[in-house]
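Some notes on the structure that comes next.
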Amino acid sequence: MAAPVETTPMTEPRVPGDESGRASVALPCGESLDPRSVDLGMRDYRCSCGETHAVVLDVHPPSRFLPESLVDVLRETVDTADEFDEFGTPHLMGIAMEEFPEAVVVHDAGDDGTVGYALLWVADFDSRRLHEIVVELVVELMDHAVSHADDADAVASFESQLAEFDVEAFVEEYRRVRDFESAGDRPA
């Protein structure tokens, strides 16, 4: 009779997308979101709390919120003292988080090569309201910068234009031109 063969248990293979150890993002509403359920085209998340939350990824261009010409001006004038090469979406979201610290959460997915992005922001409000907030905050930033200008005519001209600027109308038109619902969304 042969001697019994000793066996060792086989290890479980690690499968991409395995549910074990999966991180989740605690949303401002108290629910949670699996960061792997977010795709690169997502701008809103219909939450189980019944609300729609804005979704922003670091790979989304800042022209999601602002015309490319304004983004170029911001890149030329705003000096970033961080790991990002130039002014971009992380800075816009940082401004929004500073203004609404309890309403915007950020998830660092830099170590998760399966999601396609490094940073994820989810807001307590929908993408349209977030868009309005970002535009309002950039206008405030510009107003503050212009107020320090030495050129009184430039300050007066900006203040005059600012008095006529309607954030809601701008966002409505910008979103219509950008056609966010289309796969062919392009910078304006």
Side-chain angles (χ1 to χ4, degrees), residues 22-68 70-71 73-75 77-84 86-112 115-145 147 162 165-181 185 187-188:
R22 183 178 278 197
S24 66
V25 179
L27 301 177
C29 66
E31 297 294 327
S32 61
L33 170 67
D34 179 347
R36 293 182 184 156
S37 68
V38 175
D39 65 64
L40 299 181
M42 186 180 284
R43 289 186 173 77
D44 281 305
Y45 170 68
R46 175 58 99 189
C47 185
S48 59
C49 76
E51 298 296 322
T52 299
H53 303 299
V55 173
V56 180
L57 304 173
D58 62 318
V59 296
H60 292 165
S63 58
R64 169 181 171 173
F65 301 105
L66 305 165
E68 201 60 48
L70 180 55
V71 171
V73 169
L74 291 169
R75 285 185 173 145
T77 57
V78 176
D79 184 29
T80 59
D82 53 31
E83 69 272 15
F84 301 101
E86 60 187 5
F87 184 87
T89 300
H91 301 100
L92 293 174
M93 293 309 300
I95 295 167
M97 287 182 68
E98 191 173 307
E99 191 70 21
F100 297 94
E102 302 297 318
V104 181
V105 296
V106 64
H107 171 70
D108 184 346
D111 292 334
D112 186 352
V115 293
Y117 58 85
L119 293 170
L120 161 69
W121 294 269
V122 182
D124 202 28
F125 26 78
D126 68 13
S127 64
R128 180 184 176 82
R129 179 65 187 131
L130 177 63
H131 195 162
E132 291 171 352
I133 287 168
V134 167
V135 171
E136 289 168 0
L137 294 172
V138 168
V139 167
E140 284 179 22
L141 177 72
M142 292 169 60
D143 186 33
H144 178 75
S147 71
L162 185 59
F165 185 71
D166 182 337
V167 172
E168 289 182 20
F170 168 81
V171 168
E172 178 67 31
E173 177 68 10
Y174 193 74
R175 293 173 74 82
R176 187 188 62 73
V177 169
R178 286 292 305 267
D179 187 19
F180 284 134
E181 302 305 316
D185 171 34

Less than 4.5 Å apart, any side-chain heavy atom of Arg43 and any of Arg64? yes
Hey, are the side chains of Val73 and Met142 touching, using non-hydrogen atoms and a 4.5 Å cut-off? no
For the CG atom of Asp124 and the CZ atom of Phe100, what is their distance to the nearest 0.5 Å? 10.5 Å
Side chain Asp58, main chain Ala118, donor-acceptor under 3.5 Å: yes
Please indicate whether Glu51 has more than 12 foreign heavy atoms, meaning atoms of other residues, nucleotides or ligands, lying under 6.0 Å from its CD. no
Counterpart residues, salt bridge (Lys or Arg N to Asp or Glu O under 4.0 Å), relative to Glu140 (two or more places apart): none
Please enumerate all residues that pass side chain to side chain donor-acceptor pair (under 3.5 Å) together with Glu172, with sequence neighbours excluded. Arg128
Among all residues two or more places apart in sequence or in another chain, which pass the salt bridge (Lys or Arg N to Asp or Glu O under 4.0 Å) test with Glu168? none
N/O donor-acceptor pairs under 3.5 Å from side chains in residues 90-97, not counting sequence neighbours:
unit_1	atom_1	unit_2	atom_2	d
His91	ND1	Gly88	N	3.0
His91	NE2	Asp82	OD1	3.4
His91	NE2	Asp82	OD2	2.6

Counterpart residues, side-chain contact (heavy atoms from CB on, under 4.5 Å), relative to Glu86 (two or more places apart): Arg75
Residues at least two apart in sequence or cross-chain that pass ring pair (Phe, Tyr, Trp, His ring centres under 6.0 Å) with Tyr45, listed by chain then number, are none
Report yes if the side chains of Val25 and Val38 come closer than 4.5 Å at any heavy-atom pair, otherwise no. no
Can you name the residues that form a side chain to side chain donor-acceptor pair (under 3.5 Å) with Ser127, not counting sequence neighbours? Asp44, Arg175
How long is the span from the CH2 atom in Trp121 to the CG atom in Leu57, to the nearest 0.5 Å? 8.0 Å
In chain order, what residues pass the ring pair (Phe, Tyr, Trp, His ring centres under 6.0 Å) check against Phe170, with sequence neighbours excluded? Phe165, Tyr174
With rounding to the nearest 0.5 Å, note down the distance linking CZ in Phe65 to CD1 in Ile133. 10.0 Å
Could you tell me whether the side chain of His144 and the main chain of Leu141 form a donor-acceptor pair under 3.5 Å? no
Is the number of heavy atoms from other residues, nucleotides or ligands under 6.0 Å of Asp111 CG greater than 12? no
Closest heavy-atom contact between Pro62 and Val71? CG-CG1, 3.6 Å
Just to verify, what does Asp39 make a salt bridge (Lys or Arg N to Asp or Glu O under 4.0 Å) with, not counting sequence neighbours? none
May I have all residue pairs that pass side chain to side chain donor-acceptor pair (under 3.5 Å) and include part of residues 95-108, sequence neighbours excluded? none
Run the side chain to side chain donor-acceptor pair (under 3.5 Å) test against Asp143 and tell me which residues pass, sequence neighbours left out. none
